[in-house]
Number of protein chains: 2
Amino acid sequence: MEDEVQHWINRYMDAYMMVTRQVGARIKDSIAADTTNDQYQILRLINAQEQCTSTYLAETFCVGKSSITAIINRLVQAGIIERTRDENDRRQVYLSMSEHGKSVFEAAESQVHEVVAPYLFHFEKKDIETFIMMFEKLASLIQNDNGGKSQ
Amino acid sequence: MEDEVQHWINRYMDAYMMVTRQVGARIKDSIAADTTNDQYQILRLINAQEQCTSTYLAETFCVGKSSITAIINRLVQAGIIERTRDENDRRQVYLSMSEHGKSVFEAAESQVHEVVAPYLFHFEKKDIETFIMMFEKLASLIQNDNGGKSQ
DNA sequence: AAATATAGTTCAACTGTAGAACAGTTTCAT
DNA sequence: ATGAAACTGTTCTACAGTTGAACTATATTT
């Protein structure tokens, strides 16, 4: 029983590392050379979030706020992201994509689509649903378990 | 149909990023502070590979060989890894764990186990098998598709 | 009004990455 | 056998990402 769990974890870690690394490398090759994978992930979060803040990104990305400042500074520098202060609470800074940013992001999205989509055709529709649902369940389990190391 | 594929990809990317980041953060918190996640992944590869070389690590990890040199230098510095030249082909350098390295690695393994294992109990045995098998199939599809962007 | 909390930035030190130039070693063609 | 080509790994420089502590500015609490 313990052995079985250990065995699953090893297989999961092996497959996981392989997929993470290889997909990451392919995505990097396909998106514009001056956009990094981390920057693309940040853009996805900003795109999906109304009135996105640094604090939200830091928590979701599991890094300190100073890392977010560094990434956002580069994206602002590149004219992709704009900062807007909230006039009601001037501590808050909302992050949004400029017009140029939107087109960079959309180009990256479609490149990622082209990289990932071909792999889907090797699987049954039903299995894809199951796989994604399990992944989502895992994500939500982890998310609802913040801080509590046990359980 | 195209929409369905797009939708799958978005859901996959969302769940994938969440799981990657959160699991990464939890593993980092649990393993020794002076070992990074990337270093741990490298140790897993070295552990699994007889006569491991930099070239093998670079290919598997999808990075340039100079990145591997940098990581290995730090691990050698920390007394975790040892380099051994092949006397038959003096270009090759085999990487292996020192006794200290082995104990560091085993401690990390058991910490990772403690972090990951609890999540498994939320799933059916059958579903875990399916999930891991799909992950492995995906990994092997990607691996057998080196360079060829299409198909 | 003063203390406390919150949002974000700055800074220094470090890890990881890329790519080009390089050194040493082996293989291969002539 | 010799010189060219191929291969393994390292060095170097520049940059992206991360951390954690110190800091600024603003809002909230008491």
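Here is the naming used below: chain letters follow the sequence lines, and residue numbers restart at 1 for every chain.
Protein atom CG of A/Asn37 is 17 Å distant from nucleotide atom P of C/dG16, rounded to whole Å. A/Leu57 has its CG atom 13 Å from the P atom of D/dG17, to the nearest Å.
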Identify all pairs in which a protein N or O lies below 3.5 Å from an N or O of nucleotides 23-25 of chain C, and state each distance.
{"residue": "C/dT25", "atom": "O3'", "partner": "B/Arg90", "partner atom": "N", "Å": "3.4"}

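Side-chain N/O atoms of A/Thr36 and base N/O atoms of D/dG17 include no donor-acceptor pair closer than 3.5 Å. If you check distances only, the side chain of B/Ser66 does reach the base of C/dG19 with a donor-acceptor pair under 3.5 Å.
Note on A/Arg74 versus A/Asp34: no salt bridge recorded, every NZ/NE/NH1/NH2 to OD/OE distance being 4.0 Å or above.
Judged by distance alone, with hydrogens and angles left aside, the side-chain atoms of B/Asn37 form a donor-acceptor pair with the main-chain N or O of B/Gly24 at under 3.5 Å.
Of the candidate nucleotides C/dG16, C/dG8, D/dT8, D/dT8 has the atom nearest to the side chain of B/Lys65. Which of C/dG16, D/dG9, D/dT18 sits closest to the side chain of B/Thr53 comes down to D/dG9.
Ranked by how close their nearest DNA chain C nucleotide is to the 5' end, A/Arg21 and A/Cys52 are led by A/Cys52.
Within 4.0 Å of A/Ile68, counting heavy atoms only, lies no atom of the nucleic acid at all.
The side chain of B/Thr55 contributes an N or O atom lying less than 4.0 Å from OP1 or OP2 of D/dG9. The phosphate of C/dA18 (OP1 or OP2) has a side-chain N or O of A/Lys28 nearer than 4.0 angstrom. Proximity of A/Gln92 to the phosphate of D/dA25: no side-chain N or O atom is located under 4.0 Å from OP1 or OP2.
Each of A/Phe135, A/Tyr16, A/Trp8 was evaluated against B/Phe131; a single residue qualifies, A/Phe135, per the ring-ring contact (aromatic ring centres under 6.0 Å, His included) test.
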